[in-house]
Protein chains: 2
Amino acid sequence: MGTKQQISERITALLKESKLSVTETRVKILELFMKSNGALEHSDIETQTGQSFDRVTVYRTLQTFLDKGIIHKIPTTDTSVRYAVCKSECSEHDHHDHHVHFKCESCGTTTCLDETNIPEISLPKGYAAHNVEVVVSGVCKTCK
Amino acid sequence: MGTKQQISERITALLKESKLSVTETRVKILELFMKSNGALEHSDIETQTGQSFDRVTVYRTLQTFLDKGIIHKIPTTDTSVRYAVCKSECSEHDHHDHHVHFKCESCGTTTCLDETNIPEISLPKGYAAHNVEVVVSGVCKTCK
DNA sequence: TTATTTTTGCAACAGAGTTGCATTTTTATT
DNA sequence: AATAAAAATGCAACTCTGTTGCAAAAATAA
């Protein structure tokens, strides 16, 4: 993780790499993502920053991070949208998650299992795959 | 598929098996699911039935079908919720999709690939899996 | 056919997400 | 360091999605 100072520097660097202005909102939201071990949804961000930002700003910040490939969406079966920070292999124009997402039925947390690879899936004839999303639900390490 | 008459009989039987009243709404919505080769979302149902039902009725009907294991949800990365009819192996209390879902980036249709099985995924120590959802995106048979 | 149960539709509401525009903050320039 | 240009923010107002309570209507049971 590193000290608070180091994290702050990493965030600033990340924003500059993505050609984004370094603003309080963006730094605070990125800090939240880096501190949290799971995926966040819009409402998590509103509560955990203590409502310090306007809803609209949060929506726009998340959209910007998505566009720049800083965060990615995780599929859900409800109307919520969950986001997690991307690992190094993601870029602005070629975005793929090569890992499995795990949703705990007990604590509700969604985590990225970065070590778990997605196996090859053989589709029927005529189908071409670009991206494969895997969401496993069950009971996580901490809730067991 | 069978004739219109046969489909209607199958639907009536299905509803009775699930201990549900046979109503115009339910029959029409189930017909829609059976005719369509892809997954439907709430708005599809509203448009394709020609707004003949109240929004609330459609929401409640979908929830009822879900509860009875007649349809299942498909994960998405947006706020939409997609539904598809279940195959025989699904029951009211033990519901699992054992197949892969395919979302076409060209036509937007989501289909159930009933023949394509979900591979075994080996999770890190301490994680217990109950259900695995796989959504592949790419280009489908008809759009290719 | 009638009584009971279930389903439907309406009204009203709550929440999620979006858009335009003026103000503020950040970055670039001198 | 001061100023100009560009970008981001916050507010108001709006749309779209989904929910709840309740009375009317339809379906099932008797």
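Residue numbers begin at 1 in each chain, while the letters A, B, ... track the order of the sequences.
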Peer 1: Of all the choices, dT8(C), dA8(D), dT28(D), which nucleotide is nearest to the side chain of Ser21(B) once you look at every atom?
Peer 2: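 For the Ser21(B) side chain, the nearest candidate turns out to be dT28(D).
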
Peer 1: Is there a side-chain contact between Lys16(A) and Val22(A), using heavy atoms and a 4.5 Å cut-off?
Peer 2: yes

Peer 1: Once you round it to whole Å, what is the distance between C1' of dA7(D) and CZ of Phe65(A)?
Peer 2: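 Interatomic distance, CZ of Phe65(A) to C1' of dA7(D): 14 Å.
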
Peer 1: Do other residues, nucleotides or ligands put more than 12 heavy atoms under 6.0 Å from Glu115(A) CD?
Peer 2: yes

Peer 1: Hey, which sits more toward the 5' end of DNA chain D by its nearest nucleotide, Ser43(B) or Lys16(B)?
Peer 2: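 Here Ser43(B) is the residue nearer the 5' end.
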
Peer 1: From CG of Asp67(A) over to C1' of dA8(D), roughly how many Å is that when rounded to an integer?
Peer 2: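 For the pair Asp67(A) CG and dA8(D) C1', the rounded distance is 15 Å.
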
Peer 1: Just wondering, do Asp78(A) and Val81(B) contact through their side chains at under 4.5 Å, heavy atoms?
Peer 2: no

Peer 1: With a 3.5 Å cut-off and heavy atoms only, can you find an N or O donor on one side and an acceptor on the other between the side chain of Arg55(A) and the base of dG15(C)?
Peer 2: no

Peer 1: With a 4.0 Å cut-off on heavy atoms, is Thr25(B) in touch with a base, just the backbone sugar-phosphate, or nothing at all?
Peer 2: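 It contacts sugar-phosphate atoms only.
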
Peer 1: Would you mind reading off the distance between Leu62(B) atom CG and dT7(C) atom P, rounded to a whole angstrom?
Peer 2: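 Atom-to-atom, Leu62(B) to dT7(C), this comes out as 14 Å.
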
Peer 1: Examine the base of dG17(C) for any acceptor or donor lying under 3.5 Å from a partner atom in the side chain of Arg60(A), and report the outcome as yes or no.
Peer 2: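 Absent.
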
Peer 1: Which listed nucleotide (dA8(D), dG10(D), dG18(D)) is nearest to the side chain of Asp54(A)?
Peer 2: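 Of the candidates, dG10(D) comes closest.
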
Peer 1: Take the protein atom NE2 of His42(B) and the nucleotide atom P of dG18(D), then report the distance between them rounded to whole Å.
Peer 2: 7 Å

Peer 1: Within this structure, what is the CZ-to-C1' distance between Phe53(A) and dG17(C), rounded to whole angstrom?
Peer 2: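 Going from CZ in Phe53(A) over to C1' in dG17(C) covers 19 Å.
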
Peer 1: Would you kindly give the CG-to-P distance between Asp44(B) and dC16(D), to the nearest whole Å?
Peer 2: 16 Å

Peer 1: What is the distance from OH of Tyr59(A) to P of dG17(C), rounded to the nearest Å?
Peer 2: 4 Å

Peer 1: Among dA7(D), dG17(C), dA12(D), find the nucleotide with the atom closest to the side chain of Val56(A).
Peer 2: dA12(D)

Peer 1: Can you classify the ring geometry of His72(A) versus His101(A) as parallel (below 30°), tilted (30 to 60°) or perpendicular (above 60°)?
Peer 2: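 Answer is tilted, since the angle falls between 30° and 60°.
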
Peer 1: Specify the residue among Glu24(A) and Thr23(B) whose closest nucleotide of DNA chain C lies further upstream toward the 5′ end.
Peer 2: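 Residue closer to the 5' terminus by nearest nucleotide: Thr23(B).
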
Peer 1: Between Leu66(A) and Phe53(A), is there shared hydrophobic-cluster membership here, with clusters defined by ILVMFWY side-chain heavy atoms closer than 4.5 Å?
Peer 2: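 The answer is yes; both residues are in one hydrophobic cluster.
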
Peer 1: How many whole angstroms separate atom CD of Gln63(A) from atom P of dA16(C)?
Peer 2: 18 Å

Peer 1: With a 4.0 Å cut-off on heavy atoms, is Thr79(A) in touch with a base, just the backbone sugar-phosphate, or nothing at all?
Peer 2: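 Thr79(A): backbone/sugar contact only, no base atoms under 4.0 Å.
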
